[in-house]
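Data block below; observations after.
We use all heavy atoms of the structure for the numbers below, so side chains are in, but hydrogens, waters and symmetry mates are not.
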Protein chains: 2
Amino acid sequence: MEKDQQYCPIARTAIIIGSRWTAQIVRELIDHGPRRFQDFADAIEGIGPTTLSSRLKMLEEAGIVERHFYDEHPPRAHYVLTEKGHRMKDIIGAMRNWGNLYR
Amino acid sequence: MEKDQQYCPIARTAIIIGSRWTAQIVRELIDHGPRRFQDFADAIEGIGPTTLSSRLKMLEEAGIVERHFYDEHPPRAHYVLTEKGHRMKDIIGAMRNWGNLYR
DNA sequence: CTGTATCCGTTTCGATACTG
DNA sequence: CAGTATCGAAACGGATACAG
């Protein structure tokens with residue numbers, strides 16, 4: 001997507017939710033609560049570490065997830081939804097409903 | 001997006017609604033009813049004929065819109081939502097709500 | 001008016017290997 | 001474990017011109 005702002009609220013939302021994998025990442029967080037990097041990698045079939053990393057960063061920059069990193073050994077990280085992220089629940093729910101209607 | 005099917009309902013929905021402009025095209029139809037090619041071109045700033053054409057075709061193949069073409073002079077076409085398309089209303093609505101919360 | 005043909009830069013994707 | 005580095009392949013996007 002392009003860099004310059006989108007002033008249509010629907011377009012803005014589509015940029016985030018429409019990027020491949022992001023909807024599934026958010027769904028994981030909504031359904032299961034805080035997740036770690038490896039949790040996503042295991043749950044979302046087909047995604048690689050590069051793409052996962054880039055999506056998480058995008059969601060973090062959009063203020064949808066928060067990253068907590070603990071530099072231990074082994075290192076730990078977990079990702080949690082912000083309030084803004086949590087409010088995407090309705091969108092994810094509607095997408096799931098519709099997607100299930102037309103298999 | 002890739003060709004092989006997506007079995008996750010959310011992923012399937014994201015492929016459609018996340019492609020650039022599609023959400024706005026569907027919104028036009030939900031808000032204003034049947035539209036013609038030029039209506040979209042006028043209402044959705046920045047979209048070109050190539051992209052508009054390809055999006056409409058995608059939506060048609062997905063069973064979301066129906067295309068009616070009248071080979072007159074000048075030719076006429078109009079696009080209407082199918083029942084399946086109409087049921088995206090909740091998704092669009094949720095996207096609009098969320099997008100408006102975080103300007 | 002309603003599109004299609006061309007053509008090409010930009011973005012995205014992702015496998016693999018590797019670091020701390 | 002939690003990522004980053006690399007780097008080529010593929011998909012996407014879009015301006016312009018043109019056709020029926």
Testing the basics here: between B/G18 and B/T22, what is the closest heavy-atom pair and its distance to 0.1 Å? N-OG1, 4.2 Å
Can you find a side chain N or O atom of [X] that sits less than 4.0 Å from OP1 or OP2 on [N]?
X: B/W21; N: D/dG13; value: no
X: A/R36; N: D/dC1; value: no
X: A/R20; N: C/dC13; value: no

Ignoring hydrogens and angles, are the base of D/dT4 and the side chain of A/T50 linked by a donor-acceptor pair under 3.5 Å? no
Atom-to-atom span, [atom1] of [X] to [atom2] of [N] - whole angstrom:
X: A/D71; N: C/dT19; atom1: CG; atom2: C1'; result: 13 Å
X: B/E45; N: D/dA15; atom1: CD; atom2: P; result: 12 Å
X: A/I15; N: C/dT12; atom1: CD1; atom2: P; result: 10 Å
X: B/L52; N: D/dA15; atom1: CG; atom2: C1'; result: 15 Å

Expected output: side-chain B/W98 to main-chain A/P9 donor-acceptor under 3.5 Å: no
Whether over 12 other heavy atoms sit under 6.0 Å from A/H32 NE2: yes
Describe the nucleic acid contact of A/Y70 in one word from base, sugar-phosphate, nothing, applying a heavy-atom distance below 4.0 Å. nothing
Scan A/F40 against the nucleic acid and name what it touches under 4.0 Å (heavy atoms): base, sugar-phosphate only, or nothing.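 A/F40: no heavy atom of the nucleic acid under 4.0 Å.
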Check this for me: does any side-chain nitrogen of one of A/R87 and A/E83 sit under 4.0 Å from a carboxylate oxygen of the other? yes
Among C/dT16, C/dC13, C/dT4, the one nearest B/K57 by side-chain distance: C/dT4
